[in-house]
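Data block below; observations after.
Computed from a predicted structure; not experimentally measured.
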Amino acid sequence: MERELIEIAEAVRPLARQGKVAQYIPALARVDPEAFALVLITADGKTYTVGAADQPFSIQSISKLFALSLAMELVGDPLWQKVGREPSGMRFNSLIQLETDKGPPRNPFINAGAIAVTDALLSTTSDYPGALVDELRHLSGAPEIAIDPEVHASEIRTGDLNRAMAYVLRAHKVLENDPVAVTEAYFGACAIAMSAIQLTRAAMFLVTPQQGSARCAEGRHAQRIRAIMRTCGLYDQSGEFAFHVGLPGKSGVGGGVLVVQPDAFAACAWSPPLDRYGNSVAGQAALQHLARLVC
């Protein structure tokens with residue numbers, strides 16, 4: 001299997017030149033565009049890696065997957081009064097859609113939806129995003145996981161559009177907390193740094209129930225989370241990803257793409273250059289090759 005992963009990496013890494021690293025967050029604009037990692041962990045614990053699998057990177061919107069999982073545990077069904085479960089069909093940071101809908105955001109994986117989830121978590125736990133960091137440490141077995149202070153500060157400096165979304169949500173009575181406090185907590189979650197292997201381990205509760213102290217580990221909501229990943233996990237490119245890869249996934253503008261297959265495996269690809277939708281070019285290609293190999 002490691003030989004197969006090496007062949008996949010050799011085939012897809014040149015595709016990264018078709019994309020560009022995220023520019024709107026200055027700390028991300030300085031990431032090495034040549035960086036690459038691919039990780040596969042099977043349900044019985046076998047781990048296969050290629051590339052910089054241990055190198056931390058900014059997980060960005062992949063954090064929304066784990067924030068949703070935590071909110072489903074801590075908030076429960078009232079969460080769905082604040083956010084929907086439908087694909088957006090528009091950019092992940094669309095203010096137009098939010099203002100047009102005049103109510104709860106379409107799903108938890110677009111920015112406005114994740115801001116609504118953050119607000120619900122802030123109303124439930126006094127320490128957020130610290131609670132999310134703790135959850136990820138438990139799920140991955142990596143106590144060193146933390147928020148990258150440079151990325152967090154960079155997002156706060158350049159996050160006016162997200163703050164605008166938070167104020168629109170507050171105007172439509174979706175948010176209960178101060179929009180600035182909510183967005184700073186949201187930025188903190190996006191600025192969590194993890195490696196591809198840590199992310200893959202953290203996602204194993206969506207493959208098979210896990211034992212441990214993490215709230216999400218038993219996977220009580222795994223089926224519903226996977227459903228939202230399949231329909232909304234790669235923004236307005238989710239349908240194409242489902243067609244070509246066929247696995248529930250979640251991406252982030254840090255270049256990571258995480259996928260799961262129930263009772264089989266979890267996998268993560270990392271390559272920072274993005275396509276016009278904000279998803280990793282080489283990462284998607286790697287997971288398409290991997291899906292053909294193991295599914």
Side-chain angles (χ1 to χ4, degrees), residues 39 41 57-75 79-80 83-85 87-88 92 105-118 120-121 128-129 131-140 142 145 147 185-208 210 214-235 237-238 241-242 245 247-262 265-270 278-280 283-284 287:
V39 175
I41 301 179
F57 61 91
S58 183
I59 68 172
Q60 291 295 309
S61 286
I62 299 177
S63 67
K64 297 172 184 175
L65 164 62
F66 298 100
L68 172 63
S69 304
L70 188 60
M72 291 177 75
E73 291 287 343
L74 296 181
V75 180
L79 175 69
W80 304 115
V83 63
R85 300 185 289 266
S88 67
F92 60 85
R106 296 281 179 95
N107 66 71
F109 291 160
I110 55 176
N111 288 17
I115 290 169
V117 170
T118 301
L121 283 165
Y128 188 82
L132 181 60
V133 172
D134 288 342
E135 192 75 3
L136 287 166
R137 288 171 175 169
H138 286 305
L139 289 170
S140 64
I145 289 172
I147 294 169
Y186 165 72
F187 295 146
C190 290
I192 293 171
M194 296 176 66
S195 69
I197 195 166
Q198 290 169 345
L199 270 173
T200 310
R201 285 174 179 157
M204 289 303 293
F205 78 97
L206 295 168
V207 176
T208 184
Q210 307 291 305
R215 295 180 182 91
C216 302
E218 294 181 4
R220 285 183 291 269
H221 305 289
Q223 182 176 355
R224 291 178 174 178
I225 293 167
R226 290 193 301 263
I228 298 172
M229 291 171 70
R230 191 181 295 275
T231 58
C232 308
L234 275 82
Y235 313 120
Q237 201 178 14
S238 297
F241 187 79
V245 180
L247 298 171
K250 185 69 197 85
S251 64
V253 297
V257 188
L258 182 66
V259 296
V260 296
Q261 177 75 313
F265 66 88
C268 181
W270 174 49
N279 297 315
S280 171
Q284 291 179 86
L287 294 171

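The aromatic rings of W270 and F57 lie parallel to each other, with less than 30° between the two planes, well short of the 60° mark.
For residues 62-75, the salt bridge (charged side-chain N to carboxylate O under 4.0 Å, His left out) pairs, not counting sequence neighbours, are E73-R220. Counting only residues at least two apart or on different chains, no salt bridge (charged side-chain N to carboxylate O under 4.0 Å, His left out) pair has a member in residues 188-205.
Side-chain contact check for Q210 versus L139: every heavy-atom pair is 4.5 Å or farther apart. Contact check for V259 versus F241: side-chain heavy atoms found under the 4.5 Å cut-off.
Going from atom CG of L68 over to atom CZ of F109 covers 5.0 Å, rounded to the nearest 0.5 Å. Atom CZ of R85 is separated from atom CD1 of I228 by 7.0 Å, given to the nearest 0.5 angstrom. We find the OG-CD1 distance between S251 and I62 to be 7.0 Å, quoted to the nearest 0.5 Å.
Checked by atom type and distance alone, the side chain of D134 never pairs as donor or acceptor with a backbone atom of R137 at under 3.5 Å. With hydrogens and angles ignored, the 3.5 Å screen pairs a side-chain donor or acceptor of T231 with a backbone N or O of A227. Judged by distance alone, with hydrogens and angles left aside, the side-chain atoms of R226 form a donor-acceptor pair with the main-chain N or O of L206 at under 3.5 Å. The closest donor-acceptor contact from the side chain of Q284 to the backbone of S280 lies under 3.5 Å.
Side-chain contact, N279 with Q237: a donor N or O sits under 3.5 Å from an acceptor N or O.
Residues passing the salt bridge (Lys or Arg N to Asp or Glu O under 4.0 Å) test with R106, sequence neighbours excluded: D101.
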Inset, instruction - Go through the steps for I41 and V207 under the test side chain to side chain contact (heavy atoms under 4.5 Å, CB included), then give the verdict. - result: CA-CA 10 Å; I41 301 179; V207 176; over 6 Å; no
